[in-house]
Engineer: 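Here it is: the structure, laid out below.
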Amino acid sequence: MTDTTDKSGTTDKSGTTDTSGTTHTSGATGTPRTTDPAAAAAAPAWLGAVRLSVVIPTHDDAHRIGPTLDAFRAHLDARLGSGPGDWELVVADDASTDDTAALVEAAAADEPRIRLIRSPHHRGKGAALRAGVLGCAGERVLLADAGLRTPPAELEHLEQALGQAAPGSGSGSGSEIDGGGGERATAALGRSGNRLVRALGIPGIPGFRADTCGFALFDGDRARAAFGASVLDGPAVDAEVLRWVRRQGWHVAEVPVSRTRTRTRTPKPPAGPGPRPGPRRTTAPGDRRRALAELFRLNAGGLAVAAVFLALSAYVFHGLWADLDGRYLADALQDQNQWEWFVGVATDNITHLRNPLFTTAQGMPDGVNLMANATMLGLTVPLIPVTLLFGETVTFALVLTLGMAASAWTWYWLIRRRLVQSRWAAAAGGALAAFAPPMVSHANGHPNFVVLFMLPLIIDRALRLCEGRNIVRDGVLLGLFATYQIFLGEEPLLIAALGMLVFSLAYLLVDRRRALAAARPLGLGLVIAAGVCVPLLIYPLYWQFFGPQSYHSVLHGDNAGNSPRALVEYAARSLFGDAETAGRLSLNTTEQNAFYGWPLLALGAAVCVWMWRRRLVRALAITGGVALALSLGPWVPVPRTDVVLPGPWRLMVKLPLFESVIEGRVAMVCAPVLGVLLALALDRIVRMRTRELRTLGLLAVAAALIPVLPLPLAVRERAPVPAFITSGAWKGYVKDGEALVPVPLPDPGQADALHWQVEADFGFRLAGGYFNGPWGPDRIGIYGATPRHLSNLLRDVRYGQQPPEITPQWRDQARRDLEFWKAGAVVLPFQDRGIELRDMISELLGREPQKVEDVWVWRVGPGQV
């Protein structure tokens with residue numbers, strides 16, 4: 001590998017090089033090759049390769065460079081020897097204005113293995129390091145500082161770490177998940193105190209506390225390659241170099257080293273004329289500002305990707321944001337009402353210091369087990385200030401918009417960190433993983449299947465466990481991540497765990513040795529993670545599965561699996577989608593769980609064939625195929641025939657937890673699978689040397705992606721809340737502890753009354769409702785409250801049936817149902833078939849209603865019926 005730095009100028013007998021031109025350094029031998037003729041004539045004589053090069057960047061360090069050179073010279077002579085090929089000490093001076101250069105020249109005159117590389121312009125630490133590293137010839141390169149904050153004796157610890165084999169390959173494009181393991185470390189880092197880099201969360205090597213190269217030992221060729229690829233001139237070059245190293249898949253070790261606590265004092269200026277020594281330098285505010293600016297520049301690409309994802313998410317939801325008070329997601333069915341109610345009830349419970357896992361706000365008198373519903377306490381609770389300030393609808397829209405963008409970004413982060421070099425290839429993969437047709441479908445009202453930003457973090461932590469470097473730390477973090485995901489969405493975590501299990505088994509098939517090597521640290525880490533999860537989750541999960549209103553499974557019907565045609569058709573909100581076709585092939589508009597389209601599936605298959613030699617691709621192909629097969633359900637109808645075949649889901653349909661899963665959702669595993677395959681393909685396509693092949697590859701990708709580009713979610717006008725509610729008139733009819741009975745009662749088909757309750761700040765309770773709760777002696781899970789005779793009657797008449805003859809038995813049943821609900825008032829808003837409903841209810845209750853604002857009201861509290 002050949003790397004480039006700015007280097008030319010003049011050389012004297014002391015080994016001083018003035019850098020102002022261009023020099024190329026061979027990564028294979030470290031031999032300087034100067035392309036500038038003038039610089040070539042002035043370059044120092046080539047002395048041959050050396051075992052160790054020590055590179056020290058300086059700027060106005062005259063007050064301390066002398067003792068540093070003496071200390072390193074003594075230590076290196078004692079440890080490595082005094083021959084010309086044993087070591088060299090390269091001082092990269094960044095245009096010092098004091099006597100730094102003169103002192104180094106004097107030392108070089110006495111010791112030819114000390115060399116000075118000077119820059120005519122003050123550019124920064126990064127430029128000095130780059131010049132020094134590219135100008136050295138060591139088989140290994142040690143980076144040190146002019147202040148000798150880390151003693152030279154600590155070099156021994158770094159050498160030991162650099163010579164050890166890694167327990168598994170590092171992550172990145174070079175080794176990727178399926179690369180071979182056991183490579184020796186590229187660099188050994190001494191733990192440093194660069195808190196700025198660490199505090200800003202710009203890690204050079206994920207998982208390491210030391211995020212700077214202040215005292216670090218590199219393999220020589222790879223050090224020259226890394227610094228040759230760097231562009232930053234200031235202090236943030238450390239993070240840039242380490243990030244580049246990591247993305248090559250090269251292993252980096254962290255080594256604890258001792259640090260000197262003594263401060264170098266500024267010597268007294270000599271009497272009389274002459275240059276004065278420079279003062280002791282501290283970290284100036286200007287240095288911090290420059291580091292901040294460079295860190296921003298270093299991460300500008302990632303921020304640009306995040307901005308693109310946020311813009312795409314805002315585009316998908318812009319119809320809702322256009323009028324949060326008056327718009328409703330048209331394809332959300334009643335899920336928007338339900339989730340806004342979840343936001344509101346969490347806020348109400350917490351602000352009133354009530355149990356956040358249970359409420360009697362709806363489903364009177366039994367209430368709702370909130371832990372057994374998709375309440376997403378992990379977001380609804382932290383966002384309580386937003387809800388109090390701006391309302392439940394703002395929180396709902398914010399969770400969807402930011403959650404979808406954040407999910408895309410973490411998928412991008414995982415793919416870029418471990419698999420590809422191209423930022424935009426990783427961005428395309430992350431976008432497909434988060435904005436695939438199933439995700440857009442669920443964005444209509446299922447935030448728990450849209451806000452998936454924790455899943456890539458969980459996968460990454462599991463992969464770190466496989467590497468076995470810090471099992472305890474990674475196991476604890478995995479446990480914390482999984483715990484938090486439980487409070488975001490349990491079913492997505494269960495489906496993701498199923499996908500990861502399939503991937504692990506697939507990897508065992510394609511690379512048995514590597515999979516078995518990872519099994520032990522992964523298993524131990526999972527045990528540690530479980531030890532973290534169980535104490536944190538034991539009470540919430542006990543409440544969910546054994547507490548009030550808990551249930552054991554959920555009835556989804558016999559057609560919850562995907563039709564085979566749904567795999568190759570387009571979703572309603574895809575660019576080439578057809579709402580009628582998608583509607584026939586799905587449970588409803590929020591459950592279009594496949595619909596990837598045949599071009600995208602064909603592209604995925606083509607990528608698998610193209611890259612079949614890569615173990616990762618084979619494991620992904622198996623994972624995607626198994627997920628699609630499982631998503632077909634326990635019975636698979638053959639299209640255009642009457643034949644029905646048993647599906648693989650039959651093996652899982654009775655398993656605990658999986659019995660409550662909508663099996664069609666398992667196809668969502670294919671979104672990140674296809675995203676990774678897309679990123680791998682683009683990463684290779686953009687590096688093709690032949691322009692025609694690049695163009696052909698990009699056209700194939702475009703042909704697969706364009707049909708499934710997401711359209712903005714459709715919206716409609718929201719049903720207005722009755723003035724009876726907004727004016728507070730309900731307070732005169734519903735006493736504390738009583739329930740309001742809207743007509744018809746809220747259920748999965750019509751739940752606008754939940755929005756009434758939200759607008760009334762949960763001032764009254766509701767009979768009926770839309771939630772998951774138990775039904776019957778077996779406590780089977782159903783959607784909504786257990787129906788009663790009166791609720792069924794009101795629903796049937798509202799939607800077209802003729803009222804029955806009202807008999808004494810009907811009146812007794814109505815009285816019992818109202819007493820069961822602890823009803824305070826029956827409220828009939830003006831609506832279709834309102835006359836029929838008003839007359840029937842009046843006959844049931846034996847009296848006429850009162851007209852209040854825009855509703856009819858019957859007071860039915862104790863002693864009224």
Side-chain angles (χ1 to χ4, degrees), residues 12 14-17 50 52-82 86-119 122 125 128-129 131-133 135-136 138 140-159 190-194 212-217 235 257-271 274-284 287:
D12 59 25
S14 67
T16 302
T17 304
V50 296
L52 176 69
S53 295
V54 179
V55 177
I56 301 176
T58 62
H59 177 70
D60 291 346
D61 287 309
H63 61 290
R64 57 183 183 174
I65 190 63
T68 298
L69 295 178
D70 292 341
F72 267 107
R73 179 178 177 180
H75 177 79
L76 295 174
D77 273 342
R79 180 170 178 78
L80 299 180
S82 57
D86 292 327
W87 58 268
E88 68 173 349
L89 210 160
V90 179
V91 179
D93 184 60
D94 188 34
S96 293
T97 58
D98 62 4
D99 288 341
T100 301
L103 292 172
V104 177
E105 288 173 350
D110 180 58
E111 171 55 76
R113 290 173 296 179
I114 297 177
R115 297 196 292 123
L116 174 66
I117 298 177
R118 296 191 66 184
S119 171
H122 177 44
K125 171 189 172 183
L129 275 175
V133 171
C136 74
R140 290 184 173 182
V141 177
L142 175 69
L143 307 183
D145 67 277
L148 207 64
R149 287 178 296 174
T150 303
E154 295 298 327
L155 172 61
E156 180 179 358
H157 298 125
L158 300 186
E159 287 180 326
R191 284 184 192 159
S192 67
N194 193 334
T212 177
C213 314
F215 191 75
L217 183 64
V257 294
S258 62
R259 304 290 295 273
T260 58
R261 300 287 183 180
T262 58
R263 294 185 177 181
T264 302
R265 297 184 178 274
T266 303
K268 294 181 179 181
R276 296 170 180 262
R280 179 175 59 84
R281 291 187 294 114
T282 58
T283 303
D287 294 334

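Starting from 1, each residue takes its place in the sequence as its number.
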Engineer: Would you check if Ser82 and Arg113 make a side-chain contact, meaning some heavy-atom pair closer than 4.5 Å?
Structural biologist: yes
Engineer: Report yes if the side chains of Leu155 and Leu76 come closer than 4.5 Å at any heavy-atom pair, otherwise no.
Structural biologist: yes
Engineer: So how far is it from Glu111 CD to Asp70 CG, rounded to the nearest 0.5 Å?
Structural biologist: 11.0 Å
Engineer: For Ala62, does its backbone N or O pair with a side-chain atom of Asp98 as donor and acceptor, under 3.5 Å?
Structural biologist: yes
Engineer: Any chance you could lay out the side-chain contact (heavy atoms from CB on, under 4.5 Å) test for Val91 and Leu69, step after step, and finish with the verdict?
Structural biologist: CA-CA 9 Å; Val91 179; Leu69 295 178; 3.8 Å; yes
Engineer: To the nearest 0.5 angstrom, please state how far the NE2 atom of His75 sits from the CD atom of Glu154.
Structural biologist: 9.5 Å
Engineer: Checking side chain to side chain contact (heavy atoms under 4.5 Å, CB included) against Val104, which of Asp99, Ile65, Leu89, Ile117 comes through?
Structural biologist: Ile65
Engineer: What is the minimum heavy-atom distance between His63 and Asp60, and which atoms define it?
Structural biologist: CE1-O, 3.6 Å
Engineer: Taking all non-hydrogen atoms of both residues into account, name the closest pair between Ser53 and Gly138 and its distance.
Structural biologist: OG-N, 2.8 Å
Engineer: Run the side-chain contact (heavy atoms from CB on, under 4.5 Å) test on Glu156 and Arg79 for me, step by step, so that the C-alpha distance in whole Å, both residues' side-chain angles and the decisive distance to 0.1 Å come before the verdict.
Structural biologist: CA-CA 9 Å; Glu156 180 179 358; Arg79 180 170 178 78; 3.8 Å; yes
Engineer: Which atoms form the tightest heavy-atom contact between Ala128 and Pro57, and what is the distance?
Structural biologist: CB-CB, 3.9 Å
Engineer: Is Arg64 paired with Asp145 through a side-chain N to carboxylate O contact shorter than 4.0 Å?
Structural biologist: no
Engineer: Would you check if the side chain of Trp87 reaches a backbone N or O of Gly81 as a donor-acceptor pair within less than 3.5 Å?
Structural biologist: yes
Engineer: Before giving the answer on side-chain contact (heavy atoms from CB on, under 4.5 Å), spell out for Ile114 and Phe72 the whole-Å C-alpha distance, their side-chain angles and the decisive distance to 0.1 Å.
Structural biologist: CA-CA 10 Å; Ile114 297 177; Phe72 267 107; over 6 Å; no
Engineer: How close do Leu148 and Ala71 get, heavy atom to heavy atom, and via which atoms?
Structural biologist: CD2-CB, 3.7 Å
Engineer: State, to 0.1 Å, how close Asp94 and His59 come at their nearest heavy-atom pair, and which atoms those are.
Structural biologist: O-ND1, 2.8 Å
Engineer: What verdict does the side-chain contact (heavy atoms from CB on, under 4.5 Å) test give for Val90 and Val141, after you've listed the backbone C-alpha separation in whole Å, the side-chain angles of each residue and the deciding distance to 0.1 Å?
Structural biologist: CA-CA 10 Å; Val90 179; Val141 177; over 6 Å; no
Engineer: For the residue pair Ile56 and Thr68, what are the closest heavy atoms and their distance?
Structural biologist: CD1-CG2, 4.0 Å
Engineer: Just so I know, are the side chains of Val133 and Leu143 near enough to count as touching, which here means a heavy-atom distance under 4.5 Å?
Structural biologist: yes
Engineer: Just how far is it from atom OG1 of Thr58 to atom CG of Asp93, taken to the nearest 0.5 Å?
Structural biologist: 3.5 Å
